[in-house]
Amino acid sequence: MEVTKWRLCLKLFLKFLKIGAFTFGGGYAMIPLIRREIALREQWIEEKDILDILAVSESTPGPIAVNTATFIGYKLAGKLGAAAATVGVVLPSFLIIFALSFVLRQFEDSPAVRYAFWGIRVAVVALVFSALVSMARQCPWNLVACVLAGAAFVLVGFFSANSVLVLVACALVGLAASKWKIGGMKL
């Protein structure tokens with residue numbers, strides 16, 4: 001294997017290690033960091049492609065952060081790139097949880113620990129909202145997209161509908177709308 005591919009894999013590992021180490025709250029909280037580090041700084045992928053990558057990552061089984069890292073790594077450097085990015089994004093969480101498992105029981109009743117976790121939850125909400133705004137800006141909005149987004153939100157958020165079925169239904173409606181040019185869709 002050529003040296004440049006190994007270097008790219010090392011860079012992928014280090015970038016996703018950084019993303020995994022400095023993001024609390026799971027995959028959706030990682031989206032702004034992935035956008036900044038992978039699309040804006042390194043320019044490995046175009047910013048407009050992030051929404052598509054996230055859609056594929058969300059549609060496949062497994063955590064969105066792992067799926068996104070694997071997909072980007074594979075797109076850039078094949079199987080080795082996928083492995084490097086995946087290990088990079090997972091390793092910090094594994095090490096942190098492993099270390100915390102030994103000490104958390106001793107401090108779980110401490111007010112300082114409770115307040116720290118409260119602060120982390122607030123930050124996670126802000127990061128997820130930031131990802132939502134970023135994705136919404138890049139989404140091609142039209143009548144069909146607005147109706148689908150609203151319907152999906154209501155079905156999943158208020159009626160606990162199966163998110164996979166809602167996702168498949170939205171994809172089918174989107175395909176039908178594009179075929180019949182409903183709602184001003186341009187593909």
Side-chain angles (χ1 to χ4, degrees), residues 12 15-16 19-20 23-40 44-91 93-94 97 121 123-187:
L12 275 165
K15 280 292 179 181
F16 278 100
I19 290 167
T23 308
F24 293 95
Y28 291 109
M30 290 182 181
I31 294 168
L33 268 173
I34 291 171
R35 179 179 162 266
R36 186 180 74 218
E37 293 294 324
I38 305 301
L40 300 178
W44 286 333
I45 59 172
E46 291 188 38
E47 192 174 2
K48 66 179 180 63
D49 293 335
I50 290 178
L51 195 59
D52 294 335
I53 290 169
L54 292 172
V56 170
S57 298
E58 181 63 29
S59 303
T60 54
I64 190 169
V66 175
N67 292 348
T68 301
T70 305
F71 186 82
I72 290 171
Y74 186 80
K75 182 175 178 154
L76 296 174
K79 292 177 184 176
L80 188 59
T86 302
V87 170
V89 81
V90 169
L91 189 60
S93 297
F94 173 78
I97 290 170
R121 279 189 226 116
V124 167
V125 169
L127 288 170
V128 170
F129 185 73
S130 170
L132 170 74
V133 170
S134 174
M135 290 170 58
R137 284 185 183 145
Q138 295 194 12
C139 187
W141 290 102
N142 56 50
L143 178 63
V144 173
C146 290
V147 169
L148 285 176
F153 177 76
V154 168
L155 287 169
V156 174
F158 295 106
F159 295 107
S160 301
N162 183 318
S163 56
V164 173
L165 294 177
V166 171
L167 182 71
V168 169
C170 287
L172 293 174
V173 171
L175 284 170
S178 68
K179 180 172 175 61
W180 290 293
K181 309 255 187 288
I182 299 171
M185 291 185 92
K186 297 175 189 165
L187 297 178

> Given Ile72 and Ile34, is the side chain to side chain contact (heavy atoms under 4.5 Å, CB included) satisfied, shown in steps?
Replying inline: CA-CA 10 Å; Ile72 290 171; Ile34 291 171; 4.0 Å; yes
> With Thr60, which of Asn67, Thr70, Thr68 fulfils side-chain hydrogen bond (donor to acceptor under 3.5 Å, both in side chains)?
Replying inline: Asn67
How long is the straight-line distance from [atom2] of [Y] back to [atom1] of [X], given to the nearest 0.5 Å?
| X | Y | atom1 | atom2 | answer |
| --- | --- | --- | --- | --- |
| Lys48 | Ile53 | NZ | CD1 | 10.0 Å |
| Ile38 | Asp49 | CD1 | CG | 13.0 Å |
| Leu132 | Ile31 | CG | CD1 | 9.0 Å |
| Leu175 | Cys170 | CG | SG | 11.5 Å |
| Leu51 | Glu46 | CG | CD | 13.5 Å |
| Leu54 | Phe71 | CG | CZ | 10.0 Å |

> So which of Leu91, Val66, Val89 actually passes side-chain contact (heavy atoms from CB on, under 4.5 Å) with Phe16?
Replying inline: Val89
> Taking the side chain from Thr86 and the backbone from Ala83, do they hold a donor-acceptor pair closer than 3.5 Å?
Replying inline: no
> Are Arg121 and Val124 close enough, and set up right, to give a side chain to side chain contact (heavy atoms under 4.5 Å, CB included), and what steps lead you there?
Replying inline: CA-CA 5 Å; Arg121 279 189 226 116; Val124 167; 5.6 Å; no
>> For Glu37 and Ile19: C-alpha separation, side-chain torsions, deciding distance, then whether side chain to side chain contact (heavy atoms under 4.5 Å, CB included) applies.
In response: CA-CA 8 Å; Glu37 293 294 324; Ile19 290 167; 4.2 Å; yes
Where do [X] and [Y] come nearest, in terms of heavy atoms and distance?
| X | Y | value |
| --- | --- | --- |
| Gly174 | Leu148 | N-CD1, 4.2 Å |
| Gly20 | Met30 | CA-CE, 3.9 Å |
| Cys146 | Trp141 | SG-CE3, 3.7 Å |
| Val166 | Ala161 | CG2-CB, 3.9 Å |
| Gly73 | Ala85 | CA-CB, 4.1 Å |

